[in-house]
Amino acid sequence: MRYSIYQVNDRRMYYDSYEDYILLEEFVAEDEKIESLADRFYGYGEPDQVYSREDLDNWPGNTLDQVIGMRFGNGAMGNYNYGLEEGEPLIILDGARYAYNEDETAKDVLQNIITDEVISMAVYTLNANSFGLAGFAGVIMIETKRGERFSATSDKKFNGTGFQKFLVRGFAEVNSFLNEPSLNSSVVPKPSLYWNPNFKLEGTSSSFKIYVPTGVSKIKIRIEGVTEEGIPFWKTFPINLN
């Protein structure tokens with residue numbers, strides 16, 4: 001084996017052997033965690049029930065109405081209004097009040113949200129008086145993963161501390177969704193069976209195919225979009241399959 005020899009400088013840098021130096025005293029850096037509006041429940045005080053991300057991991061794939069039903073029983077949040085007509089609970093989704101459609105109930109809304117999509121959920125019953133008459137039938141506050149526009153590692157992530165957020169209907173990145181089952185596989189029951197963000201109305205009517213699991217006798221169709229004039233619209237209606 002042929003090799004060459006080179007002279008190297010093995011002088012080591014001992015900084016404490018040159019001139020005088022000052023040995024600093026040990027210290028502990030302390031700081032307070034900056035809480036967001038969601039962490040402070042948007043200033044409405046402590047809820048009666050809190051479901052953290054760790055709690056929701058105990059019910060993977062379940063809808064939120066099932067979670068509330070298992071905690072309160074039969075899905076009822078509790079009647080604290082002395083027998084008066086309660087109506088539907090106030091739902092706050094990612095900091096914005098949810099506007100019910102005609103004949104839509106809180107259970108209908110919660111059936112469309114699964115625990116895998118939720119960061120946390122808070123329920124107000126006795127402490128719902130801080131919401132005024134809007135919380136007469138109770139309040140359900142939900143923070144979803146879709147509420148975060150950017151990932152936590154993104155430099156563009158907006159620091160919303162001290163700002164009030166409003167949910168505005170609009171457009172987001174299109175994610176893939178399995179509308180058709182794989183070859184030789186059955187349709188698995190799930191909250192959403194079909195989703196097509198690029199669907200367009202051709203003329204006065206258009207058609208699409210939905211694969212329904214065995215035993216399902218009723219489904220709900222929700223259509224939302226924008227007209228040619230740029231006016232947003234949405235509609236939810238049930239369909240009986242019998």
Side-chain angles (χ1 to χ4, degrees), residues 33-59 62-81 84-150 152 157-172 191-192 220 222 224 232 234-236:
K33 178 185 177 182
I34 299 177
E35 294 184 341
S36 63
L37 286 175
D39 295 332
R40 299 195 300 269
F41 303 105
Y42 298 94
Y44 289 107
E46 289 294 328
D48 299 288
Q49 295 279 349
V50 178
Y51 303 82
S52 64
R53 180 63 256 172
E54 291 74 17
D55 297 329
L56 296 174
D57 286 338
N58 296 324
W59 300 290
N62 287 28
T63 56
L64 293 188
D65 70 305
Q66 294 175 319
V67 175
I68 292 180
M70 286 183 283
R71 184 66 68 92
F72 286 92
N74 298 326
M77 292 172 53
N79 186 352
Y80 301 98
N81 298 310
L84 300 177
E85 181 66 27
E86 292 187 355
E88 295 300 324
L90 170 64
I91 295 180
I92 299 179
L93 190 62
D94 291 327
R97 177 176 179 173
Y98 180 84
Y100 287 98
N101 293 323
E102 185 178 358
D103 299 328
E104 189 177 30
T105 65
K107 187 174 182 179
D108 296 333
V109 179
L110 299 178
Q111 282 179 340
N112 294 324
I113 306 175
I114 61 175
T115 55
D116 299 333
E117 302 173 344
V118 177
I119 298 175
S120 64
M121 179 173 63
V123 178
Y124 292 79
T125 51
L126 288 173
N127 292 336
N129 54 358
S130 59
F131 294 85
L133 289 177
F136 187 72
V139 181
I140 304 174
M141 188 178 295
I142 305 169
E143 290 294 319
T144 69
K145 297 179 180 178
R146 290 175 292 181
E148 296 185 355
R149 184 176 180 182
F150 303 104
K157 183 174 176 63
F158 174 70
N159 183 4
T161 304
F163 290 85
Q164 186 175 2
K165 301 181 198 177
F166 297 91
L167 183 63
V168 179
R169 293 183 179 274
F171 298 94
S192 298
K220 287 185 178 181
R222 178 177 177 86
E224 57 181 309
W234 57 91
K235 177 68 176 179
T236 302

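Values below: every heavy atom of this structure, side chains too, minus hydrogens, waters and symmetry copies.
- Between the CD atom in Glu143 and the CG atom in Leu93 there is a gap of 8.0 Å [rounded to 0.5 Å].
- When all heavy atoms of Val118 and Lys145 are compared, the closest pair comes out as O-CE, 4.4 Å.
- Remark: Glu224 CD to Lys235 NZ distance equals 13.5 Å, nearest 0.5 Å.
- Between Tyr100 and Glu88 there is a side-chain heavy-atom pair separated by less than 4.5 Å.
- Side-chain contact check for Tyr51 versus Leu64: every heavy-atom pair is 4.5 Å or farther apart.
- For the atom pair CZ of Arg97 and CD1 of Ile91, the computed distance is 10.5 Å after rounding to the nearest 0.5 Å.
- Remark: Glu102 CD to Thr236 OG1 distance equals 11.5 Å, nearest 0.5 Å.
- The only option from Asp103, Asp108, Asn101 that meets the side chain to side chain donor-acceptor pair (under 3.5 Å) definition with Thr105 turns out to be Asp108.
- When all heavy atoms are compared, the tightest approach of Val139 to Gly135 is CG2-CA, 3.7 Å.
- The shortest distance between side-chain heavy atoms of Asp55 and Val67 does not fall below 4.5 Å.
- Annotation: the span from Ile140 atom CD1 to Gln49 atom CD amounts to 11.5 Å, rounded to 0.5 Å.
- In this structure, CD on Gln111 lies 6.0 Å from OG1 on Thr63, to the nearest 0.5 angstrom.
- Heavy-atom minimum distance, Ile119 versus Thr144: CD1-O, 3.6 Å.
- Of all heavy-atom pairs between Ala106 and Pro89, the closest is CB-CD, 3.7 Å.
- Between Ile68 and Met121, some side-chain heavy-atom pair lies under the 4.5 Å cut-off.
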Legend entry - From CA spacing to verdict: side-chain contact (heavy atoms from CB on, under 4.5 Å), Tyr98, Ile142: CA-CA 10 Å; Tyr98 180 84; Ile142 305 169; over 6 Å; no
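- Residues satisfying the side chain to side chain donor-acceptor pair (under 3.5 Å) test with Asp57, not counting sequence neighbours, are Arg53.
- Remark: side-chain polar atoms of Tyr124 are paired, donor with acceptor, to backbone N or O of Gly45 under 3.5 angstrom.
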